[in-house]
Amino acid sequence: MKRIVIADDSSTARMFIRRCLEIVGLRDQTFVEATNGREALDLLKEAPTDLLVTDLNMPQMDGETLLKWIRANPKLSSTPVVVITSAGNPAKEARLLELGALRVINKPVTPTVLMETLSFMLK
Amino acid sequence: MSAFDDFLKKAMPKAVREVMEGMAFMEILEVTEEDLTSDALTATNAERRGVSLLVHDPVQWEFKFVMSADLLAEIAESVYASPREELAAESLNDLLAEILNTVAGRFLSVILRDDQVYNLGLPEPLTEEGFMDTHTWKKWHFTADAKPFTITMLGAFPENMNELLRTH
């Protein structure tokens, strides 16, 4: 069973992302939810995590800062991170990919895009 | 109408359709205020829900998203796959905020150049004063399942607007 952390300040977005993950084949996994980057960082430190799906624009700690903290921590730095954002554009996407994001996806998330992104987990 | 006005006018319906059809599987129609029946407007104004979102950079704009409580509940039933009686008010407010957040992002990505980074604030519920149409710049009317909703944009062009925009 895989551990997946979903970080978004919107409960609707967290539910929507989780539903999409289940549709693409990640049913019956351990889903853990965070409402900001700081909470997500604490959850990542608690237990090994197979995937972090995070929003970019969140209170307290945003997704980009979270990504920097993850990459700076040797115990967390290999965690696959998918960034989901409503404020994405090629310039920001390039910066996030440089910081180690696996992929940057624009909202609204669709199962098709998640399936392409997470093919490495779905085998 | 200037080419820029026309560009903006068309960009918002595109963003709204992408988001509402993608999230709630609802068909969205753009309408004019004159198209709306007085019954529909009365129903919207009787018990309405609204949310506001600021754009911090590269422009200082505000979006407002207003619809009836009934339409919001209908959308929530579709998104959450639950009857409205089982949905908390908090979930409904969060849904409204998330839709506007996503629409605003799609809208800005349509109108701004690819290399133009933009930053959005966090959505806030509208207060009673917030429902009033003061300093409105652009307003779009739509219907979903024959029930109206509106998106209003407040703000103005910055001097360097042409440098920020995608060619249109």
Side-chain angles (χ1 to χ4, degrees), chain A residues 6-24 27 33-39 53-65 83-99 101 104-115, chain B residues 15-26 51 53-59 63 72 75-76 78-82 87-124 164-166:
Chain A
I6 301 173
D8 198 308
D9 54 318
S10 162
S11 59
T12 303
R14 294 195 303 273
M15 179 278 299
F16 206 74
I17 292 165
R18 179 174 174 161
R19 189 187 292 168
C20 286
L21 289 168
E22 289 174 344
I23 288 171
V24 303
R27 281 184 193 281
E33 296 188 1
T35 61
N36 60 61
R38 182 63 201 259
E39 275 182 27
V53 181
T54 182
D55 185 24
L56 205 52
N57 193 16
M58 295 183 288
Q60 294 184 49
M61 183 191 283
D62 64 24
E64 185 170 341
T65 308
V83 178
I84 294 180
T85 179
S86 55
N89 71 352
K92 192 176 278 185
E93 183 176 334
R95 196 167 75 213
L96 292 164
L97 293 174
E98 204 169 297
L99 284 170
V104 181
I105 297 174
N106 287 317
K107 289 184 179 181
V109 184
T110 64
T112 311
V113 174
L114 272 181
M115 190 178 284
Chain B
V16 170
R17 281 195 197 97
E18 273 180 25
V19 174
M20 296 283 279
E21 292 174 7
M23 284 179 77
F25 311 108
M26 293 181 92
V51 65
L53 177 70
L54 297 180
V55 183
H56 294 315
D57 281 310
V59 290
F63 293 103
L72 178 59
I75 296 169
S78 171
V79 171
Y80 280 89
S82 294
L87 294 169
E90 193 178 289
S91 299
L92 299 179
N93 293 335
D94 184 85
L95 172 62
L96 194 62
E98 182 61 11
I99 293 173
L100 177 58
N101 191 38
T102 310
V103 167
R106 298 302 304 145
F107 174 75
L108 292 170
S109 72
V110 169
I111 67 165
L112 297 176
R113 286 171 19 175
D114 277 351
D115 60 352
Q116 181 57 58
V117 173
Y118 54 93
N119 290 309
L120 301 174
L122 297 171
E124 297 281 347
L164 307 175
L165 286 177
R166 193 181 291 280

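Below, each value reflects all heavy atoms present in this structure, side chains not excepted, and no hydrogens, waters or symmetry copies. Reminder, nothing fancy here: chain letters follow the sequence lines and each chain counts from 1.
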Minimum heavy-atom separation for [X] and [Y], please, with both atom names.
X        : Y        : value
B:Gly121 : A:Asn57  : O-ND2, 3.0 Å
A:Lys107 : B:Arg106 : O-CD, 3.2 Å
B:Leu122 : A:Asp9   : CD2-OD2, 3.8 Å
A:Ala13  : B:Glu98  : CB-OE2, 3.4 Å

Look up atom [atom1] in [X] and atom [atom2] in [Y], then write down how far apart they are to the nearest 0.5 Å.
X        : Y        : atom1 : atom2 : answer
A:Ser11  : B:Leu95  : OG    : CG    : 8.5 Å
A:Ser86  : B:Leu108 : OG    : CG    : 9.5 Å
B:Leu120 : A:Thr85  : CG    : OG1   : 7.5 Å
B:Asn119 : A:Lys92  : CG    : NZ    : 4.5 Å
A:Thr12  : B:Leu96  : OG1   : CG    : 9.5 Å

Taking every non-hydrogen pair under 4.5 Å, which of [options] racks up the most with chain A?
options                              : value
B:Ile99, B:Val79, B:Val19            : B:Val79
B:Asp114, B:Leu112, B:Thr102         : B:Asp114
B:Glu90, B:Gln116, B:Glu18, B:Arg113 : B:Gln116

So do the side chains of B:Ser109 and A:Asn106 get within less than 4.5 Å of each other, counting heavy atoms only?
-> no

Please look at B:Ala76 and chain A and tell me whether the side chain, the backbone, both or neither of the residue comes under 4.5 angstrom of a heavy atom of that chain.
-> neither

Answer with side chain, backbone, both or neither: which region of A:Thr110 has an atom nearer than 4.5 Å to a non-hydrogen atom of chain B?
-> neither

B:Arg17 atom CZ: more than 12 heavy-atom contacts under 6.0 Å | yes

